Structure formats: C-alpha cells, structure tokens
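Model, not experiment: these values are computed from the prediction.
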Amino acid sequence: KLIFTLIVIGLYISIGFITPLIYNQLQSHQKSRIDSFVNPTLDPLGTGYNVLQSTMAVGSGGLFGKGLFQGSQTQLRYIPMQWTDFIFSVPTEEWGFVGGVGVILIYMFLILKIIEVANLTDNKFNSVVCFGIAIIFIYHISINIGMVIGLTPVMGLPLPFMSYGGTALIINLIFIGFVLH
C-alpha cells in the first residue's frame, strides 16, 4: 500500500509540474478554450458566450419554467444554434427544473431498459454491446447536460434524440435497433 501511495503522489506532483509546460505549447485558440471553460466570464461575447447564455436560460426557468415558447433566452435566439449542442437549455427554460428532471428521467428509463435487455440476453456478445450502448448514451447525456450548465467543457456532443443532426440520430436509432434485435 505504501509503494502504491507513493507512486500516486509522485504522479500527481509530476502532473502538476508538467501541466504548465504543456499549456505553454498550445495554440492560442486552444488556450482560449481552456480559459473559457475555467472562467467563461473572461470572454463573455466570444468563447464564453454560449455557456453564459445557456446557464442563464437554465437558471431563469426556475422550478416550473416560463411556459411553452415563452423562454426569453431561447425564443429571442440569445443562444445561437440552440437546437444542436445547447438543446437542453430549451426545456429547462420553458418547463423549468421539473421539465429538466423529466427529460433526465426519460433518459434514465431508456438506459435502464437497455441494461435490462443486456441482462436478459443469453448471448454474451449482445450483452456486452448493449452495455456499451448504454454507456455511450450515459456519456453523451452527462457531457451534453454538463456543457449546458457549465460543468463540462463544450465538446460538441449531441444530446441523443433531441439535438439536431442527422448522423447522430441515425447512429442512435441503429443503437436502439440493435438493442431491440
């Protein structure tokens, strides 16, 4: 245990020394992405704009929201391209916290059903693939919702079945088709 603890401490210390060296080697646009993730208010009209507007939309929804098609941030297009990466801000502004939790519950139901199918199948390959599909959905959902509320960096991952994008929709439908097969 002592050797493992010393190795972990050594790794953390070396990462602490290496990080500034790596950061200084990045391009300026890469540095601005990292800086806008850490503090979006550094460039509120540039790289931090979408995150600031989406967090404002989510927060302005309150508990029950402003009503269908009544969200000021979303209806007045303060969130550009809101139908893609920042789609979760629309239901949370218009339906509030309750609507956001409802969307998450629907996703949880879908993921639990995929895991149930994975547990019930007799074929190990199909079981592993179903678990993998569930993990992909969990990853996409958590990263996308994290982007909207400012917890994760903006990566461009779509929210399954909600974000605009033909390729993502087709792949998600193929995943569901495999689970149903």
message = The criterion is side-chain hydrogen bond (donor to acceptor under 3.5 Å, both in side chains); which residues satisfy it with Tyr23, sequence neighbours excluded?
response =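 Testing Tyr23 for side-chain hydrogen bond (donor to acceptor under 3.5 Å, both in side chains), a comparison that skips the adjacent residues, returns Asp35.
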message = Against Glu94, only a single residue in Gln73, Gln75, Gln70 fulfils side chain to side chain donor-acceptor pair (under 3.5 Å); can you say which?
response =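 Checked Gln73, Gln75, Gln70 against Glu94; only one passes side chain to side chain donor-acceptor pair (under 3.5 Å): Gln75.
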request  = Could you go through the side-chain contact (heavy atoms from CB on, under 4.5 Å) check for Leu26 and Ile34 one step at a time?
outcome  = CA-CA 10 Å; Leu26 296 175; Ile34 293 171; 3.5 Å; yes
Tell me the closest heavy-atom pair linking [X] and [Y], and the distance in Å.
| X | Y | result |
| --- | --- | --- |
| Asn24 | Lys31 | O-NZ, 3.8 Å |
| Gly156 | Asp85 | CA-OD2, 3.3 Å |
| Thr19 | Ile15 | OG1-O, 2.6 Å |
| Ile79 | Ala57 | CD1-CB, 3.7 Å |
| Pro158 | Asn144 | C-ND2, 3.7 Å |
| Met162 | Val103 | SD-CG1, 3.8 Å |

Gap between atom [atom2] of [Y] and atom [atom1] of [X] - 0.5 Å precision:
| X | Y | atom1 | atom2 | answer |
| --- | --- | --- | --- | --- |
| Met56 | Ser89 | CE | OG | 11.5 Å |
| Gln53 | Thr74 | CD | OG1 | 11.0 Å |
| Phe131 | Ile115 | CZ | CD1 | 6.0 Å |
| Phe88 | Ile145 | CZ | CD1 | 4.0 Å |

Donor-acceptor pair, side chain of [X] and main chain of [Y], under 3.5 angstrom:
| X | Y | answer |
| --- | --- | --- |
| Arg33 | Val154 | yes |
| Ser36 | Ser32 | yes |
| Thr92 | Gly100 | no |
| Thr121 | Asn126 | no |
| Ser163 | Thr84 | yes |
| Gln25 | Ile22 | no |
| Asn50 | Phe86 | no |
| Ser127 | Ala118 | yes |
| Asn172 | Pro160 | no |

inquiry  = Does Leu173 form a side-chain contact (heavy atoms from CB on, under 4.5 Å) with Phe161? I'd like the steps, not just the answer.
reply    = CA-CA 9 Å; Leu173 290 173; Phe161 305 111; 3.8 Å; yes
message = Counting neighbours of CG on Leu6 that are heavy atoms of other residues, nucleotides or ligands and sit closer than 6.0 Å, is the number greater than 12?
response =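 Above 12, so yes.
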ask   = So Phe137 and Phe175, would you call those rings parallel, tilted or perpendicular, with 30° and 60° as cut-offs?
value =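 Rings of Phe137 and Phe175: perpendicular, over 60°.
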